[in-house]
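Shown next, in structure tokens, is the structure this report addresses.
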Amino acid sequence: MILDELALTFVPGLGSRGVAHLINLYEGAEEVYAQPEYKLILCAELRQDIATRILQKTGYAEAERELRYCEDNGINITPSNHCEYPRLLREVPDRPHIVYSIGDIKALSSPHILSVVGTRRITSYGETVCARLISELAEMFPDLVVVSGLAFGVDAAAHRAALAAGVRTVGVVANKLPDVMPAQHLNLAKEMVERGGAIISEIHSQSKQNGTFYIPRNRIVAGVADGLLIVESPANGGSLSTAKAADAYSRTIMAVPGRITDSRSEGTNHLIKTNVAQLVTSARDVAEALGWEVQSAVPEKLHYAPHSANEREQSVLNLLANSSDGVSLEKIAELTSLNISEVSVIMLNMELSGLVRQLPGKLYILC
């Protein structure tokens, strides 16, 4: 019963590792509750006070409240012994036994899952890299799922690049659902869900929001994917905790090199220098690092020839033809009625094919 699974996570002193340990031994919470106290102490190696709390049904009142809350707010509850639980997260020793989700959690059963993280203070270089790598990977692997943390910077750029490339994306948040933090990304989260992705969390509604959940959240970002790609990170960035978790879980870690003079690339460059992360500069590099089989017929880069520009691209070209000072992404989006993520991908492809170039201040002009 789902109530048993929920209740186990509310037992004081048990923790994620303790619950995972019990589920590994007994396959489900119902069987855990059926054990005599001496077996929980001797076989499961629990402290007596924790074994007593389990058999006294401690946590059931909280579990009942949580079940009602999830039903009222359209939140799905997936325990780790359920077939829809994220396939790779099940391997993690400190996995959350319960994943709360909105959207389609089955996206995390895709054979091609990549987590992308980085600094909140993303540069135009970081935005270009996110759009380019994810766009090319999506062309190679249409079932690609991109995972990140819905934060500002690289996280949001990765989610938007996935949406623009037509692949699913999943956000792992450090707060209770259905809330989204930061609130500015609520519309982004809604679009992610509408396009077949999901928003997931291990945080139940009765948790006190005290800012301590971000590091634990990072282990989930690392654990659900085949590999972790870090685009930009300062020397002490939060992305490095995600890399540490990914390393502990034997996940492939990759990093995009940055300028040695840029503080926002100190962390990624250090990961490469110390052989913690593999250096990647293309989607093919990412695929090869992960062992994903790439069809030889798939081109590594997509180029748009001027004569084959589609209607949206042509509208952008017409707009730039009337400006000699350059036009920003935001202005292009406003004047063409496209969303900013679509414009980012269009500009990247036209930049790669030599049609436009970027000026300082993220302004674009025709070449």
From [atom1] ([X]) to [atom2] ([Y]), nearest 0.5 Å:
{"X": "E202", "Y": "R95", "atom1": "CD", "atom2": "CZ", "answer": "12.5 Å"}
{"X": "S115", "Y": "D226", "atom1": "OG", "atom2": "CG", "answer": "9.0 Å"}
{"X": "E342", "Y": "I346", "atom1": "CD", "atom2": "CD1", "answer": "6.5 Å"}
{"X": "H185", "Y": "K190", "atom1": "NE2", "atom2": "NZ", "answer": "14.5 Å"}

More than 12 heavy atoms of other groups within 6.0 Å of [X] [atom1]:
{"X": "E27", "atom1": "CD", "result": "no"}
{"X": "E30", "atom1": "CD", "result": "no"}
{"X": "K57", "atom1": "NZ", "result": "yes"}
{"X": "R120", "atom1": "CZ", "result": "no"}
{"X": "H21", "atom1": "NE2", "result": "yes"}

Report whether [X] and [Y] are members of the same hydrophobic cluster (ILVMFWY, side-chain heavy atoms less than 4.5 Å apart, transitive linking).
{"X": "V173", "Y": "V116", "answer": "no"}
{"X": "I50", "Y": "L42", "answer": "no"}
{"X": "I365", "Y": "L363", "answer": "yes"}
{"X": "V193", "Y": "L163", "answer": "yes"}
{"X": "L114", "Y": "L88", "answer": "no"}

Considering all heavy atoms, the nearest [X]-[Y] contact:
{"X": "C130", "Y": "A161", "answer": "O-CB, 3.9 Å"}
{"X": "M254", "Y": "A277", "answer": "C-CB, 4.0 Å"}
{"X": "V280", "Y": "P257", "answer": "O-CD, 3.5 Å"}

**Report entry** Residue pairs involving residues 26-57 (criterion ring pair (Phe, Tyr, Trp, His ring centres under 6.0 Å); sequence neighbours excluded)
**Finding:** Y33-Y60

Any donor-acceptor pair under 3.5 Å from [X] side chain to [Y] backbone:
{"X": "S110", "Y": "D143", "result": "yes"}
{"X": "R264", "Y": "R121", "result": "yes"}
{"X": "R217", "Y": "G149", "result": "yes"}
{"X": "T128", "Y": "S124", "result": "yes"}
{"X": "R160", "Y": "A157", "result": "no"}
{"X": "R90", "Y": "H82", "result": "yes"}
{"X": "N73", "Y": "P178", "result": "no"}
{"X": "T169", "Y": "V146", "result": "yes"}
{"X": "S265", "Y": "T268", "result": "no"}
{"X": "H159", "Y": "L150", "result": "yes"}

Say whether [X] and [Y], considering side chains only, have a donor N or O and an acceptor N or O under 3.5 Å apart.
{"X": "T52", "Y": "E37", "result": "yes"}
{"X": "T9", "Y": "H97", "result": "no"}
{"X": "N187", "Y": "E191", "result": "no"}
{"X": "S109", "Y": "E84", "result": "no"}
{"X": "E66", "Y": "Q206", "result": "yes"}
{"X": "D94", "Y": "S16", "result": "no"}

Requested in this report: Output, in order, the C-alpha distance, side-chain angles, deciding distance and verdict of side-chain contact (heavy atoms from CB on, under 4.5 Å) for V316 and V343.
Outcome: CA-CA 9 Å; V316 174; V343 173; 5.7 Å; no

Query raised in the report: Passes side-chain contact (heavy atoms from CB on, under 4.5 Å), L320 versus V356? Steps please.
Result: CA-CA 9 Å; L320 295 181; V356 303; 3.5 Å; yes

Between [Y] and [X], is there a salt bridge with N-O shorter than 4.0 Å?
{"X": "R284", "Y": "E288", "result": "no"}
{"X": "R195", "Y": "D104", "result": "no"}
{"X": "R251", "Y": "D247", "result": "no"}

Query raised in the report: Under the 4.5 Å side-chain heavy-atom rule for ILVMFWY, direct or indirect, which residues accompany V224?
Result: Y85, L89, V92, V99, I105, L108, I113, V117, V145, V147, V170, V172, I200, I220, V221, L228, I230, L240, Y249, I253, L271, V276

Report task. If the plane angle is over 60° it's perpendicular, under 30° parallel, otherwise tilted; pick one for F10 and H204. Result -> tilted

Query raised in the report: Can you list the steps and then say if R132 with E136 is a salt bridge (charged side-chain N to carboxylate O under 4.0 Å, His left out)?
Result: CA-CA 6 Å; R132 173 178 171 175; E136 292 177 356; 3.6 Å; yes

